[in-house]
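The structure appears below as structure tokens.
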Protein chains: 2
Amino acid sequence: MITEEDRFRDHLKKKGLKFTSERKLILKEVFSSHKHFDVEELFGRLRKKDRAISRATIYRTLPLLIESGLIREALRCRDRFYYEHVFGHPHHDHLLCIGCGKVIEFRDERLEKLQNEVCKKYGFELIEHRLGIKGYCKKCQKKISKST
Amino acid sequence: MITEEDRFRDHLKKKGLKFTSERKLILKEVFSSHKHFDVEELFGRLRKKDRAISRATIYRTLPLLIESGLIREALRCRDRFYYEHVFGHPHHDHLLCIGCGKVIEFRDERLEKLQNEVCKKYGFELIEHRLGIKGYCKKCQKKISKST
DNA sequence: TCTGCGGTTGCAATTCAGTCTCAATTACAA
DNA sequence: TTGTAATTGAGACTGAATTGCAACCGCAGA
């Protein structure tokens with residue numbers, strides 16, 4: 001079974017890059033939880049460990065993880081990118097609640113198919129897509145209707 | 001017939017804000033072309049007119065145009081927001097070419113419907129959505145196959 | 001038309017995420 | 001073990017976006 005570390009090592013080797021202890025720690029931390037994360041949060045989590053890692057290194061490592069197909073930019077919200085795992089987690093899209101920030105993941109085969117159709121129609125080669133739906137979750141709808 | 005200016009004036013009035021000459025010029029410039037634009041470009045275009053307008057004012061005005069439902073952030077690319085008209089232009093999604101930056105707009109009713117279905121399923125109230133598909137346009141596919 | 005209030009402007013200073021520089025360090029292949 | 005090219009962290013830097021402030025001005029009421 002291939003692990004995320006195998007995958008990362010492979011990618012680095014192919015590019016003639018090194019598997020350093022910093023990259024290993026970042027990889028480990030990224031895959032220690034399945035939640036969406038941003039750079040600041042990751043930096044904070046890493047700082048708490050025995051070995052702090054500089055922001056610069058994190059900013060340099062994330063693109064490598066993306067190239068390796070391990071993570072991707074999932075959504076943008078309040079001017080920040082949030083990343084999520086790709087490795088071991090099937091593709092999905094997001095419902096993002098404007099009220100409470102809650103993120104609901106969903107997958108709909110029909111949407112995927114339709115997107116492929118659209119691309120075919122325009123002779124476009126699909127590399128990746130991102131669908132973000134913003135609105136209000138159930139709870140926040142109730143809150144709003146109460147307050148008015 | 002309601003013009004974009006009417007709409008903007010209305011919105012400003014509702015918020016107790018003024019319809020200044022600067023805001024008028026920005027509005028006019030924004031609606032002088034249907035292409036996507038970013039702040040720098042808009043600033044450049046305005047600077048060429050008789051009357052230059054500061055970046056700060058542009059940054060302060062764009063949110064007002066968005067609130068008015070006249071424009072929206074359409075896509076983000078190379079760390080910049082690109083805006084597009086909403087007023088007078090039916091909703092659509094984007095194909096963005098990674099190779100040349102070309103943007104193709106498309107609209108697919110079935111996609112819209114499916115999204116509504118998904119929202120219903122999760123009890124989610126849809127406010128807006130953004131679907132961005134990244135890949136390679138026809139031309140760039142040819143370029144790539146030639147160079148390899 | 002005139003006046004005054006409060007919103008608005010431009011400028012320059014500031015913020016802040018993200019990038020870059022560079023000297024010291026380290027992975028790794030031979 | 002060694003040579004070398006990649007990598008690191010710290011802090012300087014960048015550039016988009018925001019803010020504080022004094023001068024300015026739209027506009028409703030007189």
Side-chain angles (χ1 to χ4, degrees), chain A residues 5-6 8-29 36-68 71 73-83, chain B residues 5-6 8-30 36-68 71-83:
Chain A
E5 194 178 308
D6 297 332
F8 195 28
R9 290 189 111 112
D10 264 19
H11 179 74
L12 292 174
K13 195 163 227 174
K14 262 181 213 156
K15 293 193 70 176
L17 304 178
K18 295 170 183 170
F19 187 66
T20 62
S21 64
E22 288 82 0
R23 287 178 179 160
K24 184 170 182 168
L25 278 173
I26 291 172
L27 177 73
K28 207 174 146 192
E29 195 54 43
H36 298 92
F37 65 93
D38 65 12
V39 173
E40 263 330 280
E41 193 196 315
L42 183 61
F43 177 69
R45 281 204 262 150
L46 282 163
R47 197 170 38 187
K48 282 179 198 156
K49 308 276 163 182
D50 329 331
R51 176 82 189 292
I53 286 175
S54 82
R55 244 176 274 262
T57 300
I58 295 174
Y59 277 112
R60 285 186 283 230
T61 302
L62 288 180
L64 295 173
L65 291 174
I66 292 174
E67 286 171 17
S68 310
I71 64 172
E73 288 169 3
L75 32 97
R76 228 198 127 72
C77 163
R78 270 173 276 149
D79 276 340
R80 278 187 187 183
F81 281 117
Y82 286 82
Y83 300 86
Chain B
E5 195 178 308
D6 297 332
F8 195 29
R9 289 189 113 111
D10 264 20
H11 179 74
L12 291 174
K13 196 162 226 175
K14 262 181 213 156
K15 292 192 72 175
L17 304 177
K18 294 169 185 171
F19 186 66
T20 63
S21 64
E22 288 83 0
R23 288 177 180 161
K24 184 171 183 170
L25 279 173
I26 292 172
L27 177 74
K28 207 175 146 193
E29 196 52 44
V30 162
H36 298 93
F37 65 92
D38 65 14
V39 173
E40 263 330 279
E41 194 196 314
L42 184 61
F43 177 68
R45 282 203 262 150
L46 282 163
R47 197 170 38 185
K48 282 178 198 154
K49 308 276 163 182
D50 329 329
R51 174 86 188 290
I53 286 174
S54 81
R55 244 176 275 264
T57 301
I58 295 174
Y59 278 113
R60 285 185 280 230
T61 302
L62 288 180
L64 295 173
L65 291 175
I66 293 175
E67 285 170 18
S68 311
I71 63 172
R72 70 164 192 152
E73 288 170 4
L75 33 95
R76 222 194 135 71
C77 163
R78 271 173 277 149
D79 276 340
R80 280 185 187 184
F81 280 117
Y82 286 82
Y83 300 86

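Naming convention: chains lettered A, B, ... in sequence-line order (proteins, then strands); numbering from 1 in each chain.
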Could you list, one pair per line, each protein nitrogen or oxygen that sits under 3.5 Å from a nitrogen or oxygen of nucleotides 19-23 of chain C, together with the distance?
none

B/Lys13 NZ to D/dC27 P, straight-line distance once rounded to whole Å: 8 Å

d(CZ, B/Arg51; C1', D/dC24) in whole Å: 11 Å

Inter-residue atom distance B/Leu27.CG - B/Glu22.CD, 0.5 Å rounding: 13.0 Å

Rounded distance (Å) that lies between atom P of D/dT7 and atom CG of A/Leu62: 15 Å

Close residues, residues 16-26 of chain B, relative to DNA chain C [heavy-atom separation under 4.0 Å]: B/Gly16, B/Leu17, B/Lys18, B/Thr20, B/Glu22, B/Arg23

Where at least one partner belongs to residues 57-67 of chain A, residue pairs that pass salt bridge (Lys or Arg N to Asp or Glu O under 4.0 Å), sequence neighbours excluded: A/Lys15-A/Glu67

Euclidean distance, atom CZ of residue A/Phe43 to atom C1' of C/dC16 [Å, nearest integer]: 14 Å

Separation of A/Ile58 CD1 from A/Arg47 CZ (nearest 0.5 Å): 9.5 Å

Separation of D/dA17 P from B/Tyr83 OH (nearest whole Å): 6 Å

Spacing of B/Lys15 atom NZ relative to C/dT8 atom C1', expressed in whole Å: 14 Å

Gap between atom CD1 of B/Ile26 and atom OG1 of B/Thr20 - 0.5 Å precision: 7.5 Å

For residues 37-44 of chain A, which side-chain N or O atoms pair as donor and acceptor with protein atoms under 3.5 Å away, sequence neighbours left out?
from, atom 1, to, atom 2, distance (Å)
A/Asp38, OD1, A/Glu40, N, 3.4
A/Asp38, OD1, A/Glu41, N, 2.8
A/Asp38, OD2, A/Arg80, NH1, 3.0
A/Glu40, OE1, A/Arg55, NH1, 2.7
A/Glu40, OE2, A/Arg55, NH1, 2.6

Separation of D/dA28 C1' from B/Leu12 CG (nearest whole Å): 16 Å

Under the side-chain hydrogen bond (donor to acceptor under 3.5 Å, both in side chains) test, residues paired with A/Arg9 that sit two or more places apart: A/Glu5

Any residue meeting ring pair (Phe, Tyr, Trp, His ring centres under 6.0 Å) with A/His36, in chain and number order, not counting sequence neighbours: A/His94

A/Leu17 CG to A/Arg23 CZ distance, which is reported to the nearest 0.5 Å: 5.5 Å

Interatomic distance where CD1 belongs to A/Ile53 and P belongs to D/dT8 [whole Å]: 8 Å

Reported NZ-to-CG distance for the pair B/Lys14 and B/Asp10, which is rounded to 0.5 angstrom: 5.5 Å

